[in-house]
Number of protein chains: 2
Amino acid sequence: MSASPQPHETHELGLAQPITLADIAREAGTSPSTASRALSGRGYVSPAARDRLLAVADRLGYVPNASARTLKRRSSRVIGVVVSDLGNQFYARLAAGIEQTLREADYQMMVLGDNSEGDEELDGARTFLAMRAPGVIMTPVSSDAGELLRSQGVAVVEVDRRLTEGCDAVVIDNEAGARAATEHLLSLGHTRIALLGVDTEWTTDAGRLAGYRAALAAARLPADDRLIVRIPVHVDADERIEALLRDERPTAIFAANNQLAERAWRLIRRRGLHLPGDLSLVAFDDVPWMQMVDPGLTVVEQPTLELGRCAAKLLLQRLESPSLPPAVECLQPHLLVRGSTAMLVR
Amino acid sequence: MSASPQPHETHELGLAQPITLADIAREAGTSPSTASRALSGRGYVSPAARDRLLAVADRLGYVPNASARTLKRRSSRVIGVVVSDLGNQFYARLAAGIEQTLREADYQMMVLGDNSEGDEELDGARTFLAMRAPGVIMTPVSSDAGELLRSQGVAVVEVDRRLTEGCDAVVIDNEAGARAATEHLLSLGHTRIALLGVDTEWTTDAGRLAGYRAALAAARLPADDRLIVRIPVHVDADERIEALLRDERPTAIFAANNQLAERAWRLIRRRGLHLPGDLSLVAFDDVPWMQMVDPGLTVVEQPTLELGRCAAKLLLQRLESPSLPPAVECLQPHLLVRGSTAMLVR
DNA sequence: CAAAGGTGTGAGATCGTTACCACACTACCG
DNA sequence: CGGTAGTGTGGTAACGATCTCACACCTTTG
């Protein structure tokens, strides 16, 4: 083996170091300045020189060094996105919507997940600060991250939840959605309606709780605190839900997000209860499985993709005109009745 | 309004420009070099100076400029990930696994979706090249992107599919999984077993087809080409599946991925057919809804999270020792029998 | 014919960080 | 006491792209 002559492998041996603007300029017989103007499309270049430079760049497979560009321009084309949990289809879809719109405007998206943890969110903010992202979209956990970013001149849009006063935001009309869900249950004759929610100060949960209460109040029904189950973030919901199903079981449950709905659904099934005969169930947020199970879940459907798109649009707008007054968009959810809710029979 | 005196808002007016190393150095009375050594933790610094610098940095909220660092070091801490479709829970989970492992090693992950399009994949590669990502993990569509990256000295790991010879890769034993699924159906007495797969040259589909064929061959059954339905990428599968369900319906279907399984499942239901009475169904890849529907789907479960983790580990290893021979890891799937498959009754 | 204006180019400084190198200082050894 | 070794520091030149400026060349016009 060592005796066999080594074949020429000139193009393989070195980790061919990247082509730079200077290389292009040299090859095309211009200065780096001109090359920069031609390839970035800013400033005067004669058509002849431009074509020549473009051709050379193409031939050599030139890829501009993003770090150098960002360093010089003091701003990158990467928009940061921080969501609670990428594994949750709601957030995944949200991110997809954001990506769509950003891509059209020729921005990149970088997604990070905090786990609904203020610390991780702050880390994320610092990451984007370090990358000189011009803007960040997030489902905020605490307002620290947003404030840090904004203090450094980074545009911030809050999506789904609204935490920081004076910040652009896109939200769902949670109260209306929750009211619709609750009214639907009331109209079916239910009076013992449980609310399954997350125990936070977030506008989502607060809004959904408010909508639930409003519907009950409008029906002149007292809200029974034992039926309002609020589970802290990061706490396993199963125990609380089981207790709810065991003791003085309500005739209907309104689950305020897709995860709680899934937990509830599984426990209902495990207990051998039947939807909607033994119990009615409504979920806030529609995800694919809810349509596939039998009976399908009645849900408050959110325009999730649109939520993301809208947030991205708002961000782009803010980047263009930083001095505009803060905008808050509110999208309407709507009730989609499937088979998991039915008339109360006694 | 215009008459009211403007209050001092010194800290609000300017988009407070970021703190730099030089600022820290000046404040702490050292040179930038020393500050750099202290804050990046490379090279000699006296404990006294280090503490002082760290304190100042902390006080001023210093965030290192990632672009400058990347430019100088000629390599960033961002690992690129390109997957086919982030909306698909399989890829989402894969990315989650990758992220977990990378985070532990203090790398960031940037995910991009090509839509199983070679062009978009190549764009992604160029993006990561521009960002000077030291490594990229991808579910390859064509080998162009990987080759481009590797030619520039970027470490590449292929995951799920294997396309490029001499490239690190982590895959599932598709053939074994498909064989297990098919043998399971055969053992239930099925002989007219359809295969629903994607029409590509990818190792996933090729392996699953091979496993299917191998099982049939071992049972001395001829493979009926009309039962092998291979749908090109980006083509709607519904028509082909409907045709399959209509004409000379097979008694069992093996769907080679979660999406085809979902399409098939929906069409089976729409047609009013019952699982497993009228038809048995097995899916390759287990996703949540398959356990929630009734009957639950029999599946070939893949260690998806582990697949991602393993790919990330391989990449980290490669970054550490670039000259190691290429490694290919193969993980085992396993059959999980639920209710969608049953003994054939005639 | 001088002045004014457009067109196209290149020199050179700069963005913020790092790394190489030289240097200064102390300490210890033969 | 000269010499080697270890500590700790700062000067300076990069990394690659951009951008301001000055300048050179053409027209056009009062």
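Quick note: numbers below take in every heavy atom, side chains included, and nothing from hydrogens, waters or symmetry partners. Numbered from 1 within each chain, the chains take letters A, B, ... in sequence-line order.
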Chemist: Hey, are A/E329 and A/K313 close enough for a salt bridge, meaning a charged N less than 4.0 Å from a carboxylate O?
Modeler: no

Chemist: Scan A/T20 against the nucleic acid and name what it touches under 4.0 Å (heavy atoms): base, sugar-phosphate only, or nothing.
Modeler: sugar-phosphate

Chemist: Hey, is the side chain of B/R69 poking within less than 4.0 Å of OP1 or OP2 on D/dC15, counting only N and O atoms?
Modeler: no

Chemist: On DNA chain D, compare the nucleotides closest to B/T34 and A/R42; which residue's is nearer the 5' end?
Modeler: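 So the residue in question is B/T34.
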
Chemist: Quick one: on DNA chain C, does B/L21 or B/R37 contact a more 5' nucleotide (nearest heavy atom)?
Modeler: B/L21

Chemist: Map B/L71 and B/G29 onto DNA chain D by nearest heavy atom, then report which one ends up closer to the 5' terminus.
Modeler: B/G29

Chemist: Output the single nucleotide from C/dG10, C/dG16, C/dT14 whose closest atom is nearest the side chain of A/T30.
Modeler: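 The listed nucleotide nearest to A/T30's side chain is C/dG10.
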
Chemist: Would you say the side chain of B/K72 and the base of C/dT18 hold a donor-acceptor pair, judged only by whether the two atoms sit under 3.5 Å apart?
Modeler: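 Yes.
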
Chemist: Determine to 10° how strongly the helix from C/dC1-D/dG30 to C/dG30-D/dC1 is bent, judged from the axes of its five-pair ends.
Modeler: 60°

Chemist: Are the charged groups of B/E147 and B/R150 less than 4.0 angstrom apart, N to O?
Modeler: no

Chemist: If you measure from the Lys or Arg side-chain nitrogens to the Asp or Glu carboxylate oxygens, is any gap between A/E99 and A/R309 under 4.0 Å?
Modeler: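 A salt bridge is absent here (no side-chain N lies under 4.0 Å from a carboxylate O).
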
Chemist: Using only heavy-atom distances, determine whether the side chains of B/R161 and B/S84 contain a donor-acceptor pair under 3.5 Å.
Modeler: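 Looking only at side-chain atoms, B/S84 and B/R161 do form a donor-acceptor pair, the distance falling under 3.5 Å.
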
Chemist: With a 4.0 Å cut-off on N to O distance, would you call B/R126 and B/E121 a salt bridge?
Modeler: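 Here B/R126 does not pair with B/E121 in a salt bridge, since their nearest N and O are not under 4.0 Å apart.
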
Chemist: So if I take every side-chain heavy atom of A/S46 and compare against C/dG8, C/dT17, D/dA17, which nucleotide ends up nearest?
Modeler: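 Nearest to the side-chain atoms of A/S46, counting from C-beta on, is C/dG8.
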
